[in-house]
Participant: 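The structure's right below; bear with me while I get my questions together.
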Amino acid sequence: MNSMVEPFPGVMEALRTRTTEHHERAEKHPFQKALVSGRLPRPAYRENIAQLMFIHAELEARLRTLRESDPRVAAIIGENRFHSGTFESELRFLGMEPGAAQALPEVAGLVDELRVLAAREPLAALGMVYVLEGSTNGGVFIAKAVTRAYGLAGPEGTRWLNPHGEGQRPAWIAFKQAMDGAGFTPGEAEAMVAAARWMFDAVSRVGSAVLAAHPEAGVSGPSGAR
Ligand code: HEM
């Protein structure tokens with residue numbers, strides 16, 4: 001009989017190792033490829049920011065409520081994890097009033113899904129925020145490519161990719177430490193992994209919806225749902 005109990009590696013390790021293929025898929029999505037290579041026309045670029053703003057806003061609302069009832073969440077989620085304001089100012093910089101933005105049907109559906117998932121398992125919101133915070137790691141590099149592609153002086157116009165600016169690395173390390181220090185149970189980590197997988201795919205679904213709404217981009221999403 002094996003009496004060894006598998007040690008719990010910590011929630012961040014679980015999130016990283018169990019979403020690897022989701023990251024690979026997200027990275028390879030035609031939208032991301034067009035983005036980093038500067039082939040994405042400006043209207044589609046701006047549309048993506050507008051659509052992601054809706055996702056961020058809904059997630060923020062969930063997190064604000066959750067951190068009032070769960071001190072572990074309050075210890076992880078400070079104001080610096082809320083980025084919808086950045087998305088709004090990015091839109092203004094790119095010539096669109098945030099209030100004039102309309103969610104594409106696919107994105108409105110994603111917002112509904114997010115609400116349902118978070119209602120079923122509130123800590124799912126932390127798995128989702130993991131994906132968005134983690135994306136600032138690649139965002140630092142993507143922002144450089146985009147700055148060149150669109151002839152931007154920066155950082156305006158690319159802050160949505162890395163809202164932490166120069167502080168990206170310490171902000172990411174602090175997030176990881178706070179998550180690992182919270183003492184989540186394996187069951188809670190499991191819920192976060194499922195939600196993180198959903199969020200990776202959700203970002204790709206936003207990309208597909210933006211490409212479909214902007215045929216002038218000459219890029220189509222992958223065949224199939226995502
Ligand atoms: C062309 C697109 C992308 C590139 C080149 C890229 C690149 C990277 C790089 C270099 C890292 C840092 C790895 C490390 O320091 O250990 C990273 C981490 C991460 N990226 Fe991306 N990424 C891309 C797209 C995305 C997208 C679209 C998302 C979210 C939907 C995302 C989510 C994450 C997450 C969550 C992490 C943290 C992984 C962890 O250490 O737990 N990435 N990415």
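Start at 1 and go down the list; that is how both ligands and their atoms are numbered. One-based numbering along the sequence shown. Side chains included, hydrogens not; waters and symmetry mates left out as well; all remaining heavy atoms used.
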Participant: Quick check: are there more than 12 heavy atoms from other residues, nucleotides or ligands sitting under 6.0 Å from CD of Q102?
Facilitator: no
Participant: Which bit of I142 is near ligand 1, meaning a heavy atom under 4.0 Å away: side chain, backbone, both or neither?
Facilitator: side chain
Participant: If you measure from atom 19 (C) of ligand 1 to every heavy atom of A202, G134, G207, A14, which option wins on shortest distance?
Facilitator: G134
Participant: For V203, counting its heavy atoms only, list the atoms of ligand 1 lying under 4.0 Å from any of them.
Facilitator: 30 (C)
Participant: Answer yes or no: does an N/O atom from Y130 fall short of 3.5 Å to an N/O atom of ligand 1?
Facilitator: yes
Participant: Starting from atom 12 (C) of ligand 1, what is the nearest protein heavy atom, named by residue and atom, and what distance separates them?
Facilitator: N137 CB, 3.6 Å
Participant: Hey, which atoms in ligand 1 end up nearer than 4.0 Å to a heavy atom of V131?
Facilitator: 29 (C), 30 (C), 32 (C), 35 (C)
Participant: Is it the case that the side chain of N48 and the backbone of V210 share a donor-acceptor pair, with hydrogens and angles ignored and the cut-off at 3.5 Å?
Facilitator: no
Participant: Using a strict cut-off of 4.0 Å, indicate which atoms of ligand 1 neighbour a heavy atom of Q32.
Facilitator: 2 (C), 27 (C)
Participant: Between Y45 and W160, is a ring-ring contact (aromatic ring centres under 6.0 Å, His included) present by the stated rule, with each step listed?
Facilitator: CA-CA 11 Å; Y45 180 79; W160 65 282; 5.7 Å; yes
Participant: If you measure from atom 2 (C) of ligand 1 to every heavy atom of R16, E27, K33, which option wins on shortest distance?
Facilitator: E27
Participant: For the backbone of R115 and the side chain of E58, can you confirm whether one donor and one acceptor N or O come within less than 3.5 Å of each other?
Facilitator: no
Participant: Does E106 reach the main-chain N or O of V206 with its side chain, forming a donor-acceptor pair under 3.5 Å?
Facilitator: no
Participant: Could you tell me whether R64 and E79 have a side-chain N and a carboxylate O separated by less than 4.0 Å?
Facilitator: yes
Participant: Is it the case that ligand 1 has an N or O less than 3.5 angstrom from some N or O of H23?
Facilitator: yes
Participant: Check whether any side-chain N or O of T158 sits under 3.5 Å from a backbone N or O of G154 as a donor-acceptor pair, and report yes or no.
Facilitator: no
Participant: Going by the closest heavy atom to atom 10 (C) of ligand 1, which one wins out of F141, F200, F31?
Facilitator: F141
Participant: Compute both the distance and the angle, then confirm whether R72 meets the cation-pi test with F184: under 6.0 Å from the six-membered ring centre, within 45 degrees of the axis.
Facilitator: no
Participant: State the atoms of ligand 1, each with its element, that fall below the 4.0 Å cut-off from a heavy-atom position in W172.
Facilitator: 37 (C), 39 (C), 40 (O), 41 (O)
